[in-house]
Amino acid sequence: MIIDPVTLIVALITVSTPVLLAAIGELVVEKAGVLNLGVEGMMIMGAVCGFVTAHHTGSPLMAFVAGMGGAAALAMLFAVLTQLLMANQVASGLALTLFGLGLAALIGVGYGGLPVPPVSRPFPEALRDIPVAGPILFSHSTLTYVALILVAAVWYVLTRTRIGLILRAVGENHDAAHALGYKVVRIRILAILFGGACAGLGGAFLSVVRVQNWFEGMTAGAGWIALALVVFASWKPWRVLLGAWLFGGIAALQLRLQAVEVGVPVALLDASPYLVTILVLVIISSDRSRAALNAPAALGRVFHASS
Amino acid sequence: MTALLEIEGLTKAYPGVVANDAVSFSVQPGEVHALLGENGAGKSTLVKMIYGLVKPDRGAMRLRGAAYAPSEPRAARAAGVAMVFQHFSLFEALSVAENIALGMENPPKARDLAERIRSVSETYGLPLDPFRLVGDLSAGERQRVEIIRCLLQDPKLLIMDEPTSVLTPQEVEILFHTLRKLSSEGTAILYISHKLEEIRTLCDAATILRLGKKVGECTPREVTAAHMAELMVGKSLSVPARDDHEPGEVLLHVAGLSVTPASPFGMPLRHVGLEVRAGEVLGIGGVAGNGQDELLSALSGETPVSPGAITLQGQPVGHLGPNERRVLGLLCAPEERLGHAAAPDMSLTENAVLTGRIRQGLDAHGFVNWGKARGFAEAIIARFDVRTPGPGVAARALSGGNLQKFVIGREILQDPTVLVVNQPTWGVDASAAAAIRQALLDLAQGGAAVIVISQDLDELLEISDRFCALNEGRLSAPRPARGLTMEEIGLMLGGAHDMHDVAAGAGA
């Protein structure tokens with residue numbers, strides 16, 4: 001048995017979508033100078049809220065909105081803790097992940113294995129049947145295309161618009177931004193909420209579209225991968241896409257390698273996407289001064305508006 | 001003629017301190033008005049109220065006869081008030097044009113903005129390339145970014161907070177030229193400084209603050225600098241005294257010292273060589289960001305270099321860390337008081353242990369002798385007149401001047417062979433600065449070698465035996481400090497060095 005490259009690429013794009021959504025959200029948060037380590041917790045909240053809503057309403061759209069809302073609510077908690085109460089961002093983010101995992105498990109009790117409605121695909125059957133290009137370009141669910149548009153939109157807003165400039169300025173030097181009269185805390189809270197909504201959308205995609213099921217801990221570290229991707233991408237949106245595809249590609253490939261029973265232990269194959277992510281991160285970070293040039297200078301620093 | 005800005009009874013109190021106590025003055029259109037006072041006199045708080053960053057507790061302001069109470073900087077800018085900050089409010093990772101756009105209410109499109117930046121910068125003789133990253137600019141160029149950001153708003157009142165502290169004498173000349181041109185066009189300038197000679201050459205009127213209160217006003221051209229100093233400090237100051245003497249043997253020798261910086265916007269050191277002798281003070285001048293921090297960390301041992309690059313009394317020490325160098329008698333006091341020279345949330349006793357542990361024998365077998373440590377801290381406090389309730393107080397709680405006296409005193413009391421200090425009197429009030437300078441001179445008198453890295457040229461001329469300049473990571477040959485003029489020093493510092501750089505950068 002050989003591995004079909006077309007189905008591999010299709011799988012790659014599906015696997016990478018949740019990570020891509022979460023990472024592009026986190027990129028915006030970090031560009032505003034906030035380090036939210038709670039991505040994993042927000043993703044799984046999105047997954048459970050999306051799944052429960054999809055089951056009850058039968059509407060995937062409602063499910064995605066609920067997923068975004070649930071994760072954004074969790075993000076709001078983080079925003080209040082870190083921006084208004086000046087709590088440490090690292091500790092709050094870790095707590096958020098633990099809290100999210102626990103809360104999601106509680107909400108999802110009894111929902112495992114229940115049916116959810118199928119998701120629509122935007123392109124007609126005829127387009128999907130074109131050989132090679134059809135499955136790769138036109139076979140995905142709407143949300144996959146939304147994720148790609150989101151990457152383009154984030155890139156455009158960050159580099160070409162005034163809002164993006166202000167956001168970057170806040171992440172670069174919050175004292176200077178404050179001195180110029182920009183509302184640092186407000187901008188950061190909005191960025192955190194956006195990041196939460198994106199992570200939640202990624203989680204909802206996972207449970208409602210890709211797996212179409214709910215079980216505890218189903219995000220399986222995707223949130224952490226998303227965090228790593230942002231660093232991997234040196235805070236550049238298009239590189240986040242590249243990184244997400246790299247991670248998705250290896251994840252999809254290793255599943256197929258397991259199926260064809262190559263002589264590599266299954267445990268090692270399972271771990272390979274994470275190992276490759278670590279490896280790439282090490283290589284990327286080896287040039288410290290270049291990585292530091294793109295990093296938001298105020299990342300993770302508590303802003304206190306003194307006179 | 002109605003005044004442009006009238007201020008009446010402005011009061012602002014913070015917990016434990018009244019920053020401004022019923023301050024009143026007025027600024028005429030086109031006037032260059034100096035706001036004079038020591039650190040902590042309340043100058044910054046006062047202008048922050050005018051710029052809408054701080055709300056006054058009491059008092060009223062009138063701009064062109066109309067009530068003026070800006071709720072935020074945006075409102076102040078809309079009313080025609082612009083401000084150039086003391087610590088630049090710039091974003092290093094953004095370009096000049098992006099930085100300027102951030103300070104404008106309705107910035108034009110990127111290309112038009114670049115055009116306007118070019119035309120304004122040419123009109124006022126402040127060359128600047130809109131597309132360069134601010135992180136790559138010199139301090140003088142960064143200030144131009146701020147000034148042009150203000151000028152694009154067409155302000156009626158321009159506030160400048162200590163604008164010359166980071167400039168070479170030649171750059172100061174260019175700045176004054178620009179300011180005079182602005183004032184002749186009718187823009188009023190509120191000029192904050194504690195440099196008296198500058199104020200005498202530039203300003204039409206001066207308001208003097210001390211401890212938050214207005215203590216006087218004068219026409220700077222008609223009074224002496226000494227008179228203004230007395231108003232400002234409230235007493236007359238003594239100039240540090242020293243005896244003439246012959247320097248002794250070479251204690252510290254540095255040759256071919258090259259260091260790559262740790263941060264992307266740092267300055268590499270290029271083949272720095274110097275030597276200091278016993279009983280001598282070597283002054284190293286230079287505009288901030290020309291390698292001062294890198295030089296200090298190479299001398300202190302924070303950045304290890306090749307063994308032979310630094311020799312202390314003939315012994316190679318370049319590869320040794322700070323503690324090993326302390327054992328041998330090479331001590332350092334870095335510029336940043338909070339977070340580098342002292343741990344902000346630790347007590348003075350604990351901070352005394354951090355560098356004094358080895359030479360003062362404050363620990364044994366891994367245990368700290370707290371009694372002895374406290375004694376050492378108390379000795380520093382008593383000898384250097386550090387105003388604090390006691391050695392148990394956190395370093396953060398001390399005022400800048402008092403903490404600086406403690407940090408410098410801590411090294412001096414350890415009886416160093418060679419002491420290196422960076423910006424010893426930065427942000428320190430005049431009387432504390434005089435005390436620190438005197439202590440450094442006394443140390444040299446006692447046979448130690450002292451290296452003073454500073455941006456304050458007056459300070460260096462006052463206390464150094466020899467002077468050299470640090471410019472873009474290169475150290476000039478030393479010259480005897482006595483008889484050196486400001487003009488010569490300015491050329492040693494690279495003059496207005498970025499003028500041709502900009503032209504080259506724009507052409508590239």
Side-chain angles (χ1 to χ4, degrees), chain A residues 27 30-33 86 88 155-188 231 233-236 284-307, chain B residues 12-15 17 19 44-45 48-49 51-55 70-78 82-95 97-110 113 133-136 142 146 149-150 161 260-266 268:
Chain A
L27 182 138
E30 291 190 14
K31 268 292 180 191
M86 316 277 169
N88 177 292
W155 168 80
Y156 183 82
V157 169
L158 280 181
T159 57
R160 294 286 186 275
T161 68
R162 182 164 175 80
I163 294 174
L165 180 59
I166 293 172
L167 187 97
R168 282 187 289 141
V170 166
E172 183 60 30
N173 184 344
H174 47 218
D175 294 318
H178 175 69
L180 286 175
Y182 294 108
K183 307 269 183 249
V184 175
V185 170
R186 188 183 302 168
I187 291 165
R188 285 190 167 164
V231 181
S234 336
W235 294 269
K236 289 182 176 161
I284 292 273
S285 324
S286 59
D287 186 355
R288 232 179 60 217
S289 62
R290 207 197 50 186
L293 193 60
N294 277 315
L299 184 60
R301 280 172 42 208
V302 172
F303 170 69
H304 181 70
S306 63
S307 56
Chain B
K12 176 75 193 177
Y14 290 110
V17 56
S44 290
T45 307
K48 278 177 179 168
M49 288 193 278
Y51 193 57
L53 274 168
V54 173
K55 273 197 185 59
S71 55
E72 55 174 358
R74 219 168 283 209
R77 288 200 293 263
M83 177 158 170
V84 174
F85 290 87
Q86 175 182 13
H87 304 292
F88 299 135
S89 60
L90 293 177
F91 307 93
E92 295 204 329
L94 305 183
S95 74
E98 286 177 322
N99 267 283
I100 289 176
L102 278 168
M104 299 176 75
E105 288 319 308
N106 295 301
K109 285 214 174 355
L113 181 62
L133 278 190
V134 165
D136 296 330
R142 287 179 194 212
E146 292 239 22
R149 174 155 78 187
C150 292
D161 194 353
T260 41
S263 68
F265 297 121

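Proteins get letters first, then strands, A, B, ... in listed order; numbering begins at 1 in each. These values consider heavy atoms only, across backbone and side chains, with no hydrogens, waters or symmetry-generated copies.
- Looking at A/Arg162, only its side chain comes within 4.5 Å of chain B, counting heavy atoms on both sides.
- Remark: the backbone N or O of A/Gly33 is not paired with any side-chain donor or acceptor of A/Arg301 at under 3.5 angstrom.
- In this structure, the side chains of B/Val134 and B/Leu94 stay at 4.5 Å or more apart for every pair of heavy atoms.
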inquiry  = Would B/Arg74 and A/Tyr182 count as a side chain to side chain donor-acceptor pair (under 3.5 Å) here? Give the steps.
reply    = CA-CA 9 Å; B/Arg74 219 168 283 209; A/Tyr182 294 108; 5.4 Å; no
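- Ranked by heavy-atom pairs under 4.5 Å with chain A, the list B/Arg149, B/Glu92, B/Lys55 is led by B/Arg149.
- Only the side chain of B/Glu72 has a heavy atom closer than 4.5 Å to any heavy atom of chain A.
- Contact annotation for A/Ala297: neither backbone nor side-chain heavy atoms come within less than 4.5 Å of a heavy atom of chain B.
- Looking at B/Leu102, both its backbone and its side chain come within 4.5 Å of chain A, counting heavy atoms on both sides.
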inquiry  = Please evaluate residues B/Met83 and B/Leu53 with respect to the criterion side-chain contact (heavy atoms from CB on, under 4.5 Å), reporting the C-alpha separation (whole Å), side-chain torsions for both, the decisive distance (0.1 Å), and the verdict.
reply    = CA-CA 11 Å; B/Met83 177 158 170; B/Leu53 274 168; 5.6 Å; no
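- Side-chain atoms of B/Arg77 never come within 3.5 Å of backbone atoms of B/Tyr51 as a donor-acceptor pair (strictly under, hydrogens ignored).
- In this structure, chain A has no heavy atom under 4.5 Å from any part of B/Met49.
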